[in-house]
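The sequence lines fix the lettering, A, B, ..., with proteins before strands; numbering per chain opens at 1.
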Amino acid sequence: MSKITYRDALNQAMCEEMQRDENVFLMGEEVAEYNGAYKISQGMLEKFGPKRVIDTPITELGFAGLGVGAAMAGLRPIIEFMTWNFAILALDQIVNAAAKMKYMSAGQYSVPMVFRGAGGSAARVGSQHSQSLENWLANVPGLKVVMPSNPADAKGLLKSSIRDNDPVIFIENEINYGDVGEVPDEDYLIPLGKADIKRAGSDVTIVAHSRMTGFALTAADELAKQGIDAEVIDPRTIKPLDEATILTSVAKTNRAVIAEEGWRFAGIGAEISARIMEKAFDDLDAPVARVTGKDVPMAYAANLELMTLPSVADIVEAARVVCNRA
Amino acid sequence: MAEKQKKPAKSAAGLTHEGREYSAETLMEMHDSMLFIRRFEEKAGQLYGLKKIGGFCHLCNGQEAVCVGVQHAAEAGDYFMTGYRDHGHILARGAAPTAVMAELLGRAGGMVHGKGGSMHMFDAKLNFAGGNGIVGEQVPVGLGFGFASKYRGDGRVSVCFMGDGAINQGAVYESFNMASLWKLPIVFVIENNQYAMGTSLDRASAETHLFKRGISFKVPGMQLDGMDVLEVERRMSEALVHARSGEGPIIVEAITYRYRGHSMSDPATYRSRAEVDEWRSGRDPIARLQAQIVDAGLATEDEFKQKDRDIKKEVNAIAKAAEAQPEPDAAEMWADVYSDPIEGAYPYPGKVG
Ligand SMILES: Cc1ncc(C[n+]2csc(CCOP(=O)(O)OP(=O)(O)O)c2C)c(N)n1
Ligand SMILES: [Mg+2]
């Protein structure tokens, strides 16, 4: 094991896969000469040269589409969006092209590619730069959605995503980029569609992805002090969703809280809680609780930003409510 | 371009430049406005360093002649829309500087009550329709303002700014085509500061003469020295006449330079110190106008030094006043999502259940 950052884990994943398969290339704004706006591609231009690490103009729709075509022609593009906010310009290529080509061509064409970049809220960057899009994207048949919460998962999941034969939406988190964690030294993959139990517990199941996994773990520590033993599950991939791990946990704890940074309306929590209701209704001792961001655009002012985002205290409170301890 | 430019000559009231007369008063206004923006941005940079301003903060040092020259050419009724490098533009337009600073600090009295911060300045009273954080966002929006003016026949022109990076967004060309097809009153101003973050113009653009980007849409274009406020004012006036006359849109490419990094977090290692110095000390728009005014005998260097001290003092007082304001009220979080709030939507109560 080595201690590395989430950022370096992503970098290692891309480098290893580019060494392994010469069809893999990285394209995006500032990925080459600037070494990435968030330094994820640090040193990659030097390692792989300008043929495989390519700076683009600011033309998200265009280069996302380039990725789709190149993937259909047999390459394995990694398309970096500086942040997912800018991928909104590219949604047509992601949703109408990448996601549907396989189906529309009756399987004649595949689109093995990764769209990746930072999602969710960064700090104090305002409404156009702070939003969670995983529920929009997970809603589309043909796409997979991956959201790692720590360095080891980031590396193993990105490697699997690059090797996957379908388009993968890989959403990182800017605030997590500097997080340090243990990462295996040997070559390893983490399969898509496999949740991870980040903390075992018996009283309440907390499902949380991306940055909220860390929040949930902190909340679990606080809950432990209050005599509530929480189990924290990180789905790691939103789609495919590892329903079995969640349902098994709920069968044990009989109570569930789902935490996400994004907006509440039709969010990931809505999907997961519906599944629990459909398949584990008899296991539940309390209605499932959702902790989400407020349904408003993100403001810049520090106090408003803090109020808009879900907090550790919100998760603790929700867990107490479902445990009848509020 | 700068090289071709003739020296301004003295005239009775002020000076004559390329056949255009500028009164001493106008010249001083332009000067003071540019210097104010320079000192305001420096203060913002300082406050960012002190972590009082957060997030992304893009300063316009070096580009003041574009902000001020365009503004002086435009009319109060004209619409403005910009990207995120918007402090200089809204200040030049006449917004209250304390409110701009308060917005940077995320305070209640900010331009948009602390909701937007550096990138999202708005002032509808001044027809300033926004700073936008998504590169190119304002271009089709500007098209819509132009459409509304033509629809109503109100004689206004939309002045739509974009950068040399933004010029490559597809929607820009969709906008050029529609603007030309329907002869909309729009001046597309390209602030060509030669870099989009760390990407120099020639690494992102096949055609680096950006004023030619409208040719296939029959949108005429002109290039001007964006470091010369008098040239900006004069050529921009011509462009506005064109747009206002019903002849359709026009592109103005202002060659300029940003002295600072892209944003406060960019060390700007992609360009040499010599290059920055060449623009900073060789072509600075404020120093240039000062020299022209001194040459014309309208002010002395000492007077400019005193003016600079006064402006610095004024900016310090503004920052203090802005800092003294409270944070926005908590209710502000829920306000302005809709004109008529939706009943039964998620007024997330903060508690579960
Ligand atoms: C659609 C989109 N893509 C990428 C970004 C990130 N970004 C912010 S500013 C910028 C460079 C823009 O450069 P330019 O248009 O030349 O304007 P300047 O910053 O020089 O004023 C980039 C890539 C963004 N905000 N929006
Ligand atoms: Mg630029």
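With a threshold of 4.5 angstrom between heavy atoms, B/L104 approaches chain A through N, CA, C or O but not through any side-chain atom. Residue B/N132 touches chain A through both its backbone and its side chain, counting heavy-atom pairs closer than 4.5 Å. Using a 4.5 Å cut-off between heavy atoms, B/M333 touches chain A through backbone and side chain atoms alike. Interface residue B/I53: backbone and side-chain heavy atoms are both found under 4.5 Å from chain A. At a 4.5 Å heavy-atom cutoff, the contact between A/I58 and chain B is made by backbone and side-chain atoms alike. For A/D55, the part lying under 4.5 angstrom from a heavy atom of chain B is the side chain only. There is no contact between A/E305 and chain B, counting heavy-atom distances below 4.5 Å. With a 4.5 angstrom heavy-atom cutoff, A/A123 touches chain B only via backbone atoms. Looking at A/I88, neither its backbone nor its side chain comes within 4.5 Å of chain B, counting heavy atoms on both sides. Interface remark: B/R107 contributes no atoms to any contact with chain A (heavy atom separation under 4.5 Å).
With values rounded to the nearest 0.5 angstrom, B/W334 atom CH2 is found 6.5 Å from A/K294 atom NZ. A distance of 4.5 Å separates NE2 of B/H120 from CD of A/Q128, quoted to the nearest 0.5 Å. Going from atom CD of A/E30 over to atom CZ of B/R203 covers 7.0 Å, rounded to the nearest 0.5 Å. Between the SG atom of B/C57 and the CZ atom of A/R124 there is a distance of 11.0 Å, given to the nearest 0.5 Å. Taking CD of B/E327 as the reference point, atom CG of A/L306 lies at 9.5 Å (rounded to 0.5 Å). For the atom pair CE of A/M298 and NZ of B/K115, the computed distance is 13.0 Å after rounding to the nearest 0.5 Å.
Among all heavy-atom pairs drawn from A/A301 and B/G106, the shortest one is CB-O, 3.6 Å. For the residue pair B/P328 and A/N303, the shortest heavy atom distance occurs at O-ND2, 2.8 Å. Nearest approach of A/P57 to B/N168, heavy atoms of both residues: CB-ND2, 3.9 Å.
Per-residue counts of heavy-atom pairs under 4.5 Å with chain B were compared for A/R320, A/E60, A/E33; the largest is that of A/E33. Each of B/A196, B/S118, B/G116, B/A171 has some count of heavy-atom pairs under 4.5 Å with chain A, and the biggest count is that of B/G116. The candidate from B/V135, B/D336, B/I167 with the greatest count of non-hydrogen atom pairs under 4.5 Å with chain A is B/V135.
Residue-environment remark: CD (A/E46) stays at or below the threshold of 12 foreign heavy atoms within 6.0 Å.
The aromatic rings of B/Y270 and A/Y34 lie tilted to each other, with the angle between the two planes from 30° to 60°.
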Practice task
Could you go through the ring pair (Phe, Tyr, Trp, His ring centres under 6.0 Å) check for A/H129 and B/F56 one step at a time?
Solution key: CA-CA 10 Å; A/H129 282 80; B/F56 294 139; 5.4 Å; yes
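Between the side chains of A/T59 and B/Q169, no donor-acceptor pair is found at a separation under 3.5 Å.
Listed by chain and residue number, B/E253 satisfy the side-chain hydrogen bond (donor to acceptor under 3.5 Å, both in side chains) test with B/N192 (two or more places apart in sequence, or in another chain).
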